[in-house]
Amino acid sequence: MQTLTIFSDGACSGNPGPGGWAARLIYDDGRIRELGGFIPDTTNNRMELQAAIEGLKAAGGDTAITLVTDSEYLRKGITEWIHSWKRRGWITAAKKPVLNQDLWRELDALNSTHIDWQYTKGHAGDPDNERCDEIAQGYSRGEEPELRCD
């Protein structure tokens with residue numbers, strides 16, 4: 001089975017405001033593929049989710065994936081909270097509808113036991129996380145960053 005590491009990040013210029021997302025796919029043979037996009041009116045949490053979704057969509061099947069995020073919202077949401085949300089019909093412990101439910105449902109459909117969800121502290125010098133931040137920030141400002149695709 002192939003292995004793949006995906007770094008993901010989201011950014012928002014204002015919250016809500018224009019947003020950007022980024023995913024950096026690093027294959028076991030050393031190839032790197034970067035993805036990113038812009039959404040005109042969104043939130044930072046939605047961009048964090050979108051980045052992971054797009055990275056997983058690009059990964060394809062039959063791959064062992066380590067997905068690295070600097071968002072505890074994303075990591076805890078998909079590994080811990082989602083089980084209770086689904087049991088309660090997508091209602092939180094506070095008895096309110098889960099925010100960003102559309103994206104959580106999409107991410108849940110992409111999730112599998114082949115994915116190891118990892119957390120890295122943002123802005124702490126991890127070069128792959130910093131690169132994702134740079135791409136996402138660029139898109140959130142309406143720029144089109146140059147993306148690497150080996």
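Just so you know, these numbers use all the heavy atoms, side chains as well, and skip hydrogens, waters and symmetry mates.
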In the structure I gave you, are the side-chain heavy atoms of Trp90 and Ile82 within less than 4.5 Å of one another anywhere? yes
For the hydrophobic clusters of this structure (ILVMFWY residues joined by side-chain heavy atoms under 4.5 Å, transitively), does one cluster hold both Ile65 and Leu107? yes
Decide if atom CD of Glu80 counts as having more than 12 heavy atoms of other residues, nucleotides or ligands within a radius under 6.0 Å. yes
If we only count heavy atoms from C-beta on, is the Asp128 to Ile26 side-chain gap below 4.5 Å? yes
So Tyr73 and Trp104, would you call those rings parallel, tilted or perpendicular, with 30° and 60° as cut-offs? perpendicular
So, the side chain of Asn100 versus the backbone of Leu103: is there a donor-acceptor pair under 3.5 Å, distance only? no
Residue pair Lys57, Leu110: steps toward the side chain to side chain contact (heavy atoms under 4.5 Å, CB included) verdict: CA-CA 7 Å; Lys57 282 182 181 176; Leu110 293 167; 4.0 Å; yes
Can you tell me how far the CG atom of Leu74 sits from the CG atom of Leu49, to the nearest 0.5 Å? 5.5 Å
Does Val68 reach the side chain of Asn129, with side-chain heavy atoms less than 4.5 Å apart? no
Can you tell if the side chain of Pro97 reaches within under 4.5 Å of the side chain of Thr92, non-hydrogen atoms only? no
Provide the closest heavy-atom pair for Ala52 versus Ser8 in the form atom of the first, atom of the second, distance. N-CB, 4.0 Å
Is there a side-chain contact between Leu35 and Leu25, using heavy atoms and a 4.5 Å cut-off? yes
Nearest 0.5 Å, what's the CZ-OG1 distance between Arg75 and Thr120? 11.5 Å
Do you reckon Val98 sits in the same ILVMFWY cluster as Ile53, going by side-chain contacts under 4.5 Å, direct or chained? yes
Minimum side-chain heavy-atom gap Thr3-Thr63 below 4.5 Å: no
Apply side chain to side chain contact (heavy atoms under 4.5 Å, CB included) to Asp108 and Lys86, showing your working. CA-CA 10 Å; Asp108 186 41; Lys86 287 167 42 173; 2.9 Å; yes
Quick one: CD on Glu130 to CG on Asp70, what's the gap to the nearest 0.5 Å? 9.0 Å
Between the side chains of Glu72 and Lys121, is the shortest nitrogen-to-carboxylate-oxygen separation below 4.0 Å, so that they form an ion pair? no
Please answer whether the main-chain N or O of Ile32 pairs with a side-chain N or O of Asp150 as donor and acceptor at a distance below 3.5 Å. yes
Considering non-hydrogen atoms only, spot the tightest contact between Pro145 and Gly138 and give its length. CG-CA, 4.2 Å
Of the non-hydrogen atoms in Asp29 and Arg31, which two are nearest, and what is the gap between them? OD2-NE, 2.9 Å
Ignoring hydrogens, what is the shortest heavy-atom contact between Ala22 and Ala51? Give both atom names and the distance. O-CB, 3.3 Å
So CD of Gln50 and CZ of Phe38: to nearest 0.5 Å the spacing works out to 13.0 Å
Given the rule in the side chain to side chain contact (heavy atoms under 4.5 Å, CB included) test, do Glu48 and Asp9 qualify, once you have shown the distances and angles that lead to the verdict? CA-CA 5 Å; Glu48 295 286 357; Asp9 201 9; 3.1 Å; yes
Side chains of Arg46 and Thr43: do they bring a donor and an acceptor to under 3.5 Å? no
Start with the C-alpha gap between Asp28 and Gln2, add the side-chain angles, then the distance that decides, and say whether side chain to side chain contact (heavy atoms under 4.5 Å, CB included) holds. CA-CA 7 Å; Asp28 55 2; Gln2 235 187 351; 4.1 Å; yes
Does the side chain of Ile39 reach to within under 4.5 Å of the side chain of Met47, using non-hydrogen atoms? yes
Is it the case that the side chains of Ser140 and Ser13 hold a donor-acceptor pair, with the cut-off being a distance below 3.5 Å and no angle test? yes
What is the distance from atom OG of Ser71 to atom CG of Asn44, rounded to the nearest 0.5 Å? 7.5 Å
Is it the case that more than 12 heavy atoms not belonging to Glu144 sit under 6.0 Å from its CD atom? no
Shared ILVMFWY cluster between Ile6 and Trp21, side chains joined below 4.5 angstrom? yes
Taking atom SG of Cys12 and atom CD of Gln137, what is their separation to the nearest 0.5 Å? 9.5 Å
Chi angles and distances behind the salt bridge (Lys or Arg N to Asp or Glu O under 4.0 Å) call for Arg24, Glu34: CA-CA 5 Å; Arg24 190 167 211 244; Glu34 296 175 335; 2.8 Å; yes
Does the side chain of Pro18 come within less than 4.5 Å of Thr42's, by heavy atoms? no
